[in-house]
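Index from 1, following the sequence.
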Amino acid sequence: MLPYQKATLPIPPREVLERFDCHEPLDTRFQSCARLLQSVWRARRGFGVGSYTNGQQISRLLGSRLEPAAARAGVNYLRPDIAKLTRREIAYRERGALIDEARAWENLLSSSALVFNLFGALKLDTALSKKVLKQAFGIKAKQVDGIYFETSPGRGDEAYIGDHTALDVLIAYTGDDGKSCFVGVEVKYSECRPGTSTPVKERHLEVARRSKLFIDPENPALHQAPLRQFFAEHALCFTMVHERRHFDRGAFVIVSPSLNHEMSTAIDAYKGHLAPSGTDALPFGAVSLEAIVTAISDGGDADLADKLRERYLDFSPLFDLIDEWDPENSKFG
């Protein structure tokens, strides 16, 4: 590999993607590989293909979706106890929490399922969560006080940032100095494309200006996807410490796989907007999905770590499929 090259993934041939009902022309390289990986994972376990309905109400098969019976059985989740936890979290979600249940149960590619597969086991095992906080996040916790999903202290509340921003996960803990602390987490898997952005409210801008987290909180790049979401969550975390004082200190972290280079680029762009003076007020960090999975393994749950790697990180089945594909004979070897 040349010095300027990064480890990367292949562009799967259309015929390979079509074999698994997952040819999506607008997918990025990572999205295409991740969609194929999920489709292979589903097929090898004998779960039926689900369908997708587009904006024109046209339905078609999509290999990265589960058919309804398998979805209802909870096979999107890597262990029965995680599926049970997910059902409970969805049933008792906070008022105003936006959880797309079909996406959570049917969509294998969804980061919604990854959130529960990754952090659900930590909620079920606080000793493991404490070890993962130390190894993957660099946080020394005296104890983990709670793990909360799709959470916000005040959706639409002007006492915070005035919109409906929420964190994928909030881990509340007591620091080794006895302080009340948290880490707010946003999880990304295959996401990377700019999406639609809601306007930034004046209350949000007021908080952003006071926070001193940003070089220029008025910069239009911070108000457009994908940075808009990070901008809002970071400011929300700031209010939880410095405006409402729910915690003595906190941090905001984005978790994503290292091979999703588009997301890595977005994270680097966001870092470029952060003021050095904001580090002490509300630190920002990026942690790779691989680092958390390794920490789960080292923390004593190697079986779950292996399942997470197979499901989300081990792309070797794709390499095999590409090597086996014989375009001249339109078949696999």
* How about Y160 and V207: do any of their side-chain heavy atoms sit closer than 4.5 Å? -> no
* Asked: Are the side chain of D145 and the backbone of T174 linked by a donor-acceptor contact shorter than 3.5 Å?
  -> yes
* Asked: Does the side chain to side chain donor-acceptor pair (under 3.5 Å) test come out yes or no for N107 and S64, once each step is laid out?
  -> CA-CA 6 Å; N107 190 338; S64 55; 4.9 Å; no
* Aromatic ring centroids of F149 and F116 under 6.0 Å? -> yes
* To do: Look up atom OG1 in T198 and atom CZ in R228, then write down how far apart they are to the nearest 0.5 Å.
  => 4.0 Å
* To do: Kindly determine whether L62 and R35 satisfy side chain to side chain contact (heavy atoms under 4.5 Å, CB included), including the steps that lead there.
  => CA-CA 9 Å; L62 186 59; R35 191 182 304 280; 3.9 Å; yes
* Only pairs at least two apart or in different chains count here, so list each side-chain hydrogen bond (donor to acceptor under 3.5 Å, both in side chains) that has a residue in residues 121-134. => E89-K123
* Rounded to the nearest 0.5 Å, how far apart are CD1 of I11 and CG of L318? -> 12.5 Å
* Tell me whether the centres of the aromatic rings in F230 and F284 are closer together than 6.0 Å. => no
* Asked: Under 3.5 Å, side chain of D248 to main-chain N/O of C181, donor-acceptor pair present?
  -> no
* Any side-chain heavy-atom pair of R309 and S297 under 4.5 Å -> yes
* Asked: With sequence neighbours left out, what residues match H242 under ring-ring contact (aromatic ring centres under 6.0 Å, His included)?
  -> F238
* Asked: Are L118 and Y312 close enough that some pair of their side-chain heavy atoms sits under 4.5 Å apart?
  -> no
* Asked: Could R209 and D216 be called an ion pair, given the rule that one side-chain N must be under 4.0 Å from one carboxylate O?
  -> no
* Asked: T28 and side-chain contact (heavy atoms from CB on, under 4.5 Å): which partner among H261, E262, M263?
  -> E262
* Have R311 and N76 got a donor and an acceptor in their side chains that come within less than 3.5 Å? -> yes
* Asked: CD1 of I161 to CD of E202: how many Å apart, nearest 0.5 Å?
  -> 13.0 Å
* **Stepwise side chain to side chain donor-acceptor pair (under 3.5 Å) test for S258 and E290** => CA-CA 7 Å; S258 60; E290 293 88 340; 2.7 Å; yes
* **Distance-only polar pair, side chains of S111 and E191, donor-acceptor under 3.5 Å** => yes
* Under 30°, 30 to 60°, or over 60°: which ring-plane class applies to Y270 and F252, parallel, tilted or perpendicular? -> perpendicular
* Can R42 and E67 be counted as an ion pair, charged N to O under 4.0 angstrom? -> no
* Asked: Do NZ/NE/NH1/NH2 and the carboxylate oxygens of R79 and D81 come within less than 4.0 Å?
  -> yes
* Asked: Would you call L259 and T8 a side-chain contact if the rule is heavy atoms closer than 4.5 Å?
  -> no
* Does a salt bridge link R19 with E15, judged by any charged N lying under 4.0 Å from a carboxylate O? -> no
* Asked: According to a 4.5 Å side-chain heavy-atom criterion applied to Ile, Leu, Val, Met, Phe, Trp and Tyr, with indirect links allowed, do F319 and W325 form part of one hydrophobic cluster?
  -> yes
* Asked: Looking at K201 and E206, does any basic side-chain N land under 4.0 Å from a carboxylate oxygen?
  -> no
* Audit row: V185, V183, side chain to side chain contact (heavy atoms under 4.5 Å, CB included) steps and yes/no -> CA-CA 6 Å; V185 181; V183 55; 4.2 Å; yes
* Spacing of CG belonging to L308 relative to CG belonging to N117, to within rounding of 0.5 Å -> 6.5 Å
* When you check the side-chain N and O atoms of E24 and S32, is any donor under 3.5 Å from an acceptor? -> no
* Identify the heavy atoms of R29 and P10 that sit nearest to each other, and give their distance. => CG-O, 3.4 Å
* To do: Run the numbers on H204 and F231 for ring pair (Phe, Tyr, Trp, His ring centres under 6.0 Å), then give the verdict.
  => CA-CA 9 Å; H204 182 175; F231 178 56; 4.4 Å; yes
* Asked: Side chain of R203, backbone of A159: donor and acceptor closer than 3.5 Å?
  -> yes
* When the ring planes of F30 and Y189 are compared, do they come out parallel, tilted or perpendicular, using 30° and 60° as the limits? -> perpendicular
* **Worked check of side chain to side chain donor-acceptor pair (under 3.5 Å) between R244 and T239** => CA-CA 6 Å; R244 305 296 294 169; T239 66; over 6 Å; no
* Asked: Does one side chain, of D298 or Q135, offer a donor that lies under 3.5 Å from an acceptor on the other?
  -> yes
* Asked: According to a 4.5 Å side-chain heavy-atom criterion applied to Ile, Leu, Val, Met, Phe, Trp and Tyr, with indirect links allowed, do L66 and V49 form part of one hydrophobic cluster?
  -> no
* Structure fact -> So CG of D168 and OG of S112: to nearest 0.5 Å the spacing works out to 7.5 Å
* Structure fact -> Between A121 and L304 the two heavy atoms that sit nearest each other are CB-CD2, 3.2 Å
* Just checking, R60 and Y52: is the charged tip under 6.0 Å from the six-membered ring centre and within 45° of the axis? -> no
* Student check: side-chain heavy atoms of P12 and C33 closer than 4.5 Å -> yes
* E101 with R103: basic N within carboxylate O range, under 4.0 Å -> no
* Output the distance between atom OG (S152) and atom CZ (R95), rounded to the nearest 0.5 Å. => 14.5 Å
* Tell me, with the steps shown, if L213 and H273 meet side chain to side chain contact (heavy atoms under 4.5 Å, CB included). => CA-CA 9 Å; L213 293 173; H273 290 279; over 6 Å; no
* Just wondering, do E186 and K188 contact through their side chains at under 4.5 Å, heavy atoms? -> yes
* So do the side chains of Y148 and V169 get within less than 4.5 Å of each other, counting heavy atoms only? -> no
* Structure fact -> For G74 and R87 the tightest heavy-atom approach is N-NH2, 3.7 Å
* Asked: In this structure, are over 12 heavy atoms from other groups packed under 6.0 Å from R88 atom CZ?
  -> no
* Below 4.5 Å, heavy atoms only, C-beta onward: do L170 and F247 meet side chain to side chain? -> yes
* Asked: Between F47 and W41, how do the two ring planes meet: parallel, tilted or perpendicular, split at 30° and 60°?
  -> tilted
* Kindly determine whether D27 and C22 satisfy side chain to side chain contact (heavy atoms under 4.5 Å, CB included), including the steps that lead there. => CA-CA 10 Å; D27 277 351; C22 61; over 6 Å; no
* Asked: Considering all heavy atoms of both residues, which atom of A113 and which atom of A104 are nearest to each other, and what is their separation?
  -> CB-O, 4.1 Å
* Asked: So, does R155 use its side chain to make a donor-acceptor pair with the main chain of T165 at under 3.5 Å?
  -> no
* Nearest atoms (heavy-atom pairs only) where G184 meets L167 -> CA-CD1, 3.8 Å
* Heavy-atom pair with the smallest gap, counting every atom of P317 and V40 -> CB-CG1, 4.2 Å
